[in-house]
Participant: 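Got a structure here, written out as C-alpha cells. Questions coming.
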Amino acid sequence: MDLLRKKKTDTTFSLTNMSKGGRAAVARSRSIDHQLDEERERREKEVQILIIGGPGAGKSTFIKQLRLHYGDQFPPNERRLFHDQILQNVAMGLVHLIEHMERMGLQFETPEVQDLSREFRKKHPRISIVTLIKKFKEENEKAEEICPVTTRAELTKRLSSFDVYNPEVPNVDDMHTLWADPAMQICFEKRNKFETDKLTHSSEYFLLHIGRICSKEYLASVQDILLIRWPTLGVQEHKFMVDGLLYRMIDVAGQRSLRKKWIHFFDEVAAVAFFVNLTAYDEFTEEDPTVNSLQDSLQAFAEISHSQFLDKTDFILFLNKKDLFANKLKTSSIATCFPDYKGPNTVDASLKYIKEQFLQSKPAQKQVYSHATCAIDVPHMKDLLATVVDCIVDINVKRSKNY
Ligand SMILES: Nc1nc2c(ncn2[C@@H]2O[C@H](COP(=O)(O)OP(=O)(O)OP(=O)(O)O)[C@@H](O)[C@H]2O)c(=O)[nH]1
Ligand SMILES: [Mg+2]
C-alpha cells in the first residue's frame with residue numbers, strides 16, 4: 001500500500017515537467033490501470049462456473065440445489081411454475097406404460113378406457129431427444145441467418161429463448177382414469193422386468209405420487225421439483241450471492257451434438273463443474289446407440305480438460321447418481337463399460353475405478369477436485385455445497401492473484 005502511494009506521488013510530481021504527448025501517455029496508462037483495478041475488483045467479487053457433462057447427468061438438478069440452499073428456496077408462486085413440467089412427466093410415464101402394456105398384450109378393462117388411452121397417447125407422444133435437438137438446431141440456424149450473434153451474452157440470450165418443446169398440458173382426470181385401470185397397475189407392478197426401455201427413476205416417482213399431483217390443492221414439493229426430467233437444450237444462466245461473492249452458474253445442454261456450443265462459454269470461467277452420470281456404464285447415447293454413455297462422458301471430460309482455453313481452470317468432478325449406481329450394481333458390473341475391470345462388484349471399488357479413469361484422462365498438472373454425489377438428496381447436498389463453495393472461494397483467490 002505504501003509503495004503504491006509513493007508511486008502515485010512520484011508520477012504527480014513528474015507530470016508537471018512533461019511534454020503534452022508524455023502527459024497523454026501517462027493519462028492513458030492511468031486509465032488502463034484504473035480499468036484493470038476495476039476488472040480485478042469485479043473478478044474478486046464475481047465467479048463464473050461452467051456446468052457441463054453428459055445428458056441427464058444432474059447439472060440442472062445441482063442448480064436447483066443451489067437455489068434451495070443459497071437462493072430463493074422456491075416460494076409457492078415459483079413452485080407453481082413447475083406444475084406443467086411435472087404433469088408432462090406424469091403423462092410421459094403413463095404413455096411409457098401404455099407402450100409396455102401393448103408389448104405385454106395387456107388390455108384396458110373397458111373399451112372406453114382403451115379409447116381414452118389411444119387418444120391420450122396421440123396427444124402426448126413420447127418425443128425423443130434426438131427430434132428435439134433437430135428442431136432446436138433448425139431454430140438456431142434460422143436465427144443465425146437472420147441475425148448472427150457476436151457476443152457471448154447475445155448467444156446465451158438466444159440459446160435460452162427457443163421454445164422447441166411446448167406440449168399440450170395433460171388432463172388430470174384422464175390421467176386418474178388411466179392410472180386406476182387394473183391392467184395399467186399390473187404393468188406398473190412388472191416394471192422391474194422390462195428388458196429394454198426401462199421406466200426411469202423419475203417417472204416411477206411421479207407415477208407413485210400421481211394422486212397427490214393430480215389433486216386440486218397440489219403444490220409441488222422440493223422433492224418433486226428435484227425429480228423433474230426436463231432436458232436443457234440451450235443455455236441457462238443462474239446467479240447466486242454467497243458471502244458477498246456473486247456466483248454466475250452457466251448450465252448448458254449435455255447432448256453430444258450440442259457440445260460444440262460449450263467452447264463459447266470457456267472465457268472468464270473460474271472453474272468447470274463436470275457432471276458424470278454413474279449409471280451410464282451400461283447405457284448407450286440416444287444420439288448414437290453404438291456409443292457407450294459413460295465412455296462418451298469420459299471422452300468429453302478428457303477433451304475439455306485438455307482444452308488450451310481452460311489450461312489454468314480448475315475442475316470439480318461430480319460423480320453423480322450414486323444412489324441409482326448402487327442399485328444397478330446389484331445386477332450388473334462396470335466391466336460392461338471397462339472390460340479391463342477385474343475388481344469386485346462393490347460400490348466403493350467400482351466408484352474408485354471410474355474416478356481413476358477420469359483422473360487419468362486429464363493433463364497431469366490439472367487440478368481436479370472430485371465428489372461422489374446424489375443430486376436429489378437435500379441434506380447430503382447441503383453439506384457438499386458448503387465444501388464446494390469453500391473450494392470455489394479458494395480457486396477464485398488463487399485466480400485473482402494470478403490475474
Ligand atoms: N436418483 C437420482 N436422480 C437424479 C440424480 N441427479 C439427477 N437426477 C435426476 O435425473 C434426471 C436428469 O437430471 P438433470 O439435472 O435434468 O440432468 P442434466 O444434466 O441437466 O441433463 P441435460 O439438461 O439433458 O443435459 C432428473 O429427473 C433428476 O431428477 C441423482 O443423484 N439421483
Ligand atoms: Mg439440464
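Note that ligands are numbered from 1 as they come in the structure, with each ligand's atoms numbered from 1 the same way. Only heavy atoms go into these numbers, but all of them, side chains included; no hydrogens, no water, no symmetry mates. Keep in mind that this is a model prediction, so the values were computed, not measured.
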Participant: Taking Asp197's backbone N and O only, do any of them form a donor-acceptor pair with His96's side chain (distance below 3.5 Å, no angle check)?
Facilitator: yes
Participant: Take Glu268 and Arg248 through the test salt bridge (charged side-chain N to carboxylate O under 4.0 Å, His left out) and record every step on the way to the result.
Facilitator: CA-CA 11 Å; Glu268 291 218 6; Arg248 195 186 287 270; over 6 Å; no
Participant: Between Arg191 and Phe188, is NZ or CZ placed under 6.0 angstrom from the six-membered ring centre and within 45° of the ring axis?
Facilitator: yes
Participant: May I ask you to list the atoms of ligand 1 that are less than 4.0 angstrom from any heavy atom of Gly254?
Facilitator: 25 (O)
Participant: Please list the nearest protein heavy atom to atom 32 (N) of ligand 1 with its residue and the distance rounded to 0.1 Å.
Facilitator: Asp323 OD1, 2.9 Å
Participant: So for ligand 1, is Pro55 a polar contact partner (N or O within less than 3.5 Å, distance only)?
Facilitator: no
Participant: Residues two or more places apart in sequence or in another chain: which of them pass side-chain contact (heavy atoms from CB on, under 4.5 Å) with Asp340?
Facilitator: Tyr353
Participant: Using a plain distance cutoff, I'd like to know if Asp251 has any nitrogen or oxygen under 3.5 Å from a nitrogen or oxygen of ligand 1.
Facilitator: no
Participant: Enumerate the residue pairs fulfilling side chain to side chain donor-acceptor pair (under 3.5 Å) with a member in residues 172-181, sequence neighbours excluded, ordered by first and then second residue.
Facilitator: none
Participant: Judging by distance only, is a nitrogen or oxygen of Lys59 under 3.5 angstrom from one on ligand 1?
Facilitator: yes
Participant: For Tyr247 and Phe240, run ring pair (Phe, Tyr, Trp, His ring centres under 6.0 Å): C-alpha distance rounded to whole Å, both residues' side-chain angles, the deciding distance at 0.1 Å, then the answer.
Facilitator: CA-CA 5 Å; Tyr247 289 74; Phe240 301 94; 8.0 Å; no
Participant: Indicate yes or no: does Glu138 engage Lys142 in a salt bridge with an N to O separation below 4.0 Å.
Facilitator: no
Participant: At less than 4.0 angstrom from any non-hydrogen atom of Leu226, what atoms of ligand 1 do you find?
Facilitator: 28 (C), 29 (O)
Participant: Report the nearest protein non-hydrogen atom to atom 3 (N) of ligand 1: residue, atom name, distance rounded to 0.1 Å.
Facilitator: Ile376 CG2, 3.9 Å
Participant: Tell me if a side-chain donor or acceptor on Ser370 pairs with a main-chain N or O of Leu317 at a distance below 3.5 Å.
Facilitator: no
Participant: I want to know if ligand 1 touches Pro231 in the polar sense, i.e. an N/O pair below 3.5 angstrom.
Facilitator: no
Participant: Do Arg259 and Glu303 meet the salt-bridge criterion of a basic N to acidic O distance under 4.0 Å?
Facilitator: no
Participant: Enumerate the side chain to side chain donor-acceptor pair (under 3.5 Å) contacts for residues 74-91, please, sequence neighbours excluded, ordered by first and then second residue.
Facilitator: Arg67-Glu78
Participant: Kindly identify the option in His201, Gln65, Lys321, Glu204 whose heavy atom sits closest to atom 9 (C) of ligand 1.
Facilitator: Lys321
Participant: Under 4.5 Å between any side-chain heavy atoms of Met381 and Leu68, yes or no?
Facilitator: no
Participant: Based purely on interatomic distance, does Cys374 place a nitrogen or oxygen under 3.5 Å from a nitrogen or oxygen of ligand 1?
Facilitator: no
Participant: Are any non-hydrogen side-chain atoms of Lys362 and Phe315 less than 4.5 angstrom apart?
Facilitator: no
Participant: For ligand 1, is Ala57 a contact, meaning one of its heavy atoms is under 4.0 Å away?
Facilitator: yes
Participant: Mark up the atoms of ligand 1 that fall under 4.0 Å of a heavy atom belonging to Gln255, in ascending order.
Facilitator: 24 (O)
Participant: Please indicate whether any nitrogen or oxygen in Ala253 is less than 3.5 Å from any nitrogen or oxygen in ligand 1.
Facilitator: no
Participant: What is the closest protein heavy atom to atom 21 (O) of ligand 1, and at what distance does it sit?
Facilitator: Gly56 N, 2.8 Å
Participant: Would you say ligand 1 has an N or O under 3.5 Å from any N or O of Thr232?
Facilitator: yes
Participant: Does a salt bridge link Glu283 with Lys328, judged by any charged N lying under 4.0 Å from a carboxylate O?
Facilitator: yes
Participant: Between His124 (side chain only) and Phe120 (backbone N and O only), is there a donor and an acceptor less than 3.5 Å apart?
Facilitator: no
Participant: So for ligand 1, is Ala375 a polar contact partner (N or O within less than 3.5 Å, distance only)?
Facilitator: yes
Participant: Any idea which atoms of ligand 1 are less than 4.0 Å away from a heavy-atom of Ser202?
Facilitator: 27 (O)
Participant: So is there a nitrogen or oxygen of Leu227 less than 3.5 Å from a nitrogen or oxygen in ligand 1?
Facilitator: yes
Participant: Which label fits Phe358 and Phe301: parallel for a plane angle under 30°, tilted from 30 to 60°, or perpendicular past 60°?
Facilitator: perpendicular
Participant: Out of all atoms in ligand 1, which are within 4.0 Å of some heavy atom of Thr61? Include the element for each.
Facilitator: 7 (C), 13 (O), 14 (P), 15 (O), 28 (C)
Participant: Any idea how many protein N, O or S atoms are nearer than 2.8 Å to the Mg ion (ligand 2)?
Facilitator: 2
